[in-house]
Amino acid sequence: MSKDKNEKDILHLRAVELETSGRAVFYSWASTRKEPDISKLVKLIEVKWSEVARKPAKAITSPPGSLVLKVTDFLCTKKVYERVFLQAVLDMREEYNEALFSGRKEKARWVLIRSYLSLAWTVALQVFTGILDKIIKTLWTKPTR
Amino acid sequence: VIVKEKDFKLPSPTEVAVLELLAGKEMYGLQMVKASDRLTRGSIYVILNRMEDKGLVTSRVAETTGPNAGRRVYSITGLGQRAYAAWQQAQAAYGLAWNGGVA
């Protein structure tokens with residue numbers, strides 16, 4: 001069936017409640033029709049109603065690595081901040097989001113721990129190479145008369 | 001970046017790993033880490049920063065908006081290609097010497 005030029009896909013969202021388990025699964029699909037398009041169906045999230053009712057709404061939190069970025073932005077040069085720490089934090093967020101979207105919370109937690117350890121190593125390495133660079137430049141630079 | 005001939009040095013093994021990956025295409029740090037056994041998440045950007053200072057690689061900001069704003073992609077420079085070729089030649093010479101001059 002060909003699509004009319006004026007017809008546009010509409011994003012649909014539907015919750016399918018699983019009565020026996022007390023869970024609901026949210027599906028979304030983009031289609032010109034209201035009926036679910038099985039080929040385009042995307043499972044978004046699975047919710048347990050009892051947990052939703054019990055838990056208070058979470059406050060909006062900053063993305064991981066925000067504090068690291070603020071501190072390094074303050075302490076480091078713009079070049080080092082942009083080339084080293086911003087890139088490392090963007091990598092961390094990318095991997096963290098990938099794990100979250102695939103529904104693997106444990107993996108996401110592990111990604112955060114690993115990324116913060118990597119960031120600590122990056123800081124240590126950056127400080128060490130910076131100091132070493134200054135020492136070498138001071139020792140090897142010929143004194144001007 | 002202008003590098004005098006006398007300042008030209010062979011790249012370190014880690015730098016060679018980066019140059020090897022960048023030989024044909026642009027990549028960003030995480031892609032390089034995933035594609036290489038030698039590179040780690042903790043050291044990749046310190047290495048890339050040093051290599052950029054040496055003129056072996058160059059970078060540009062790939063995305064200016066969205067959650068990945070500020071993401072840099074890296075590519076090899078002419079000097080980087082020369083350094084990589086020199087390293088390959090040195091390796092070949094070393095291998096030849098190791099095998100007693102038999103190619």
Side-chain angles (χ1 to χ4, degrees), chain A residues 60-66 68-70 72-73 76-101 107 110-137 140-142, chain B residues 1 3-4 6-9 11-15 17-19 21-22 26-77 80:
Chain A
I60 296 169
T61 53
S62 305
S66 299
V68 176
L69 285 185
K70 278 180 193 166
T72 51
D73 189 20
C76 303
T77 60
K78 195 182 173 204
K79 189 187 122 189
V80 170
Y81 168 77
E82 281 180 359
R83 287 189 191 176
V84 179
F85 296 109
L86 179 61
Q87 304 306 314
V89 169
L90 287 176
D91 285 353
M92 172 166 82
R93 286 177 184 171
E94 187 180 316
E95 286 194 295
Y96 178 69
N97 288 339
E98 266 178 23
L100 272 190
F101 287 141
K107 171 84 190 287
W110 161 241
V111 164
L112 270 192
I113 293 167
R114 187 185 62 190
S115 300
Y116 277 118
L117 288 174
S118 295
L119 268 171
W121 178 241
T122 305
V123 171
L125 208 61
Q126 183 62 37
V127 170
F128 176 73
T129 52
I131 291 170
L132 201 68
D133 195 41
K134 276 190 179 169
I135 291 170
I136 290 170
K137 274 180 184 169
W140 262 257
T141 308
K142 288 174 188 174
Chain B
V1 180
V3 179
K4 293 172 190 169
K6 69 179 178 71
D7 294 334
F8 186 80
K9 288 174 192 165
S12 69
T14 321
E15 288 173 342
V18 173
L19 293 173
L21 288 169
L22 294 176
E26 283 189 329
M27 287 176 108
Y28 63 89
L30 188 59
Q31 285 176 317
M32 290 184 222
V33 170
K34 285 179 178 173
S36 170
D37 295 334
R38 186 178 276 273
L39 304 169
T40 63
R41 286 171 176 78
S43 62
I44 182 70
Y45 291 109
V46 178
I47 293 163
L48 284 169
N49 188 29
R50 196 178 62 204
M51 289 176 76
E52 210 169 346
D53 287 342
K54 285 182 181 177
L56 297 172
V57 297
T58 184
S59 71
R60 63 177 177 85
V61 178
E63 291 178 55
T64 50
T65 54
N68 277 336
R71 167 78 80 198
R72 282 182 172 272
V73 285
Y74 293 83
S75 54
I76 195 166
T77 60

message: Counting only heavy atoms not in A/Tyr116 (residues, nucleotides, ligands), do more than 12 fall under 6.0 Å from its OH?
response: yes

message: With a sphere of 6.0 Å drawn around NZ of A/Lys70, does it hold more than 12 non-hydrogen atoms of other residues, nucleotides or ligands?
response: no

query: Are side-chain heavy atoms of A/Asp133 and B/Arg50 found at a separation under 4.5 Å?
result: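 Result no, sub-4.5 Å side-chain heavy-atom pair not found.
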
message: So which atom in A/Glu94 and which in B/Tyr28 form the shortest heavy-atom distance, rounded to 0.1 Å?
response: OE2-OH, 3.0 Å

- request: Write down the atom of B/Gly70, the atom of A/Gln87, and the distance for their closest heavy-atom approach.
  value: O-NE2, 2.8 Å

Steps toward side-chain contact (heavy atoms from CB on, under 4.5 Å) verdict (B/Arg72, A/Glu82): CA-CA 9 Å; B/Arg72 282 182 172 272; A/Glu82 281 180 359; 3.9 Å; yes

What distance do [X] atom [atom1] and [Y] atom [atom2] have between them, rounded to the nearest 0.5 Å?
X        : Y       : atom1 : atom2 : value
A/Leu119 : B/Tyr45 : CG    : OH    : 11.0 Å
A/Thr129 : B/Ile47 : OG1   : CD1   : 10.0 Å
B/Leu30  : A/Leu90 : CG    : CG    : 10.5 Å
A/Arg93  : B/Arg71 : CZ    : CZ    : 10.5 Å

task: Please name the residue in the list A/Thr122, A/Val123, A/Val127, A/Val80 that meets the side-chain contact (heavy atoms from CB on, under 4.5 Å) test with B/Val46.
output: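 Passing option: A/Thr122.
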
statement: Highest number of heavy-atom pairs under 4.5 Å with chain B among A/Ala120, A/Ala88, A/Ser115 belongs to A/Ala88

- request: Below 4.5 Å from any heavy atom of chain B, which atoms of A/Leu86 appear? Answer side chain, backbone, both or neither.
  value: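 Just the side chain, heavy atoms under 4.5 Å.
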
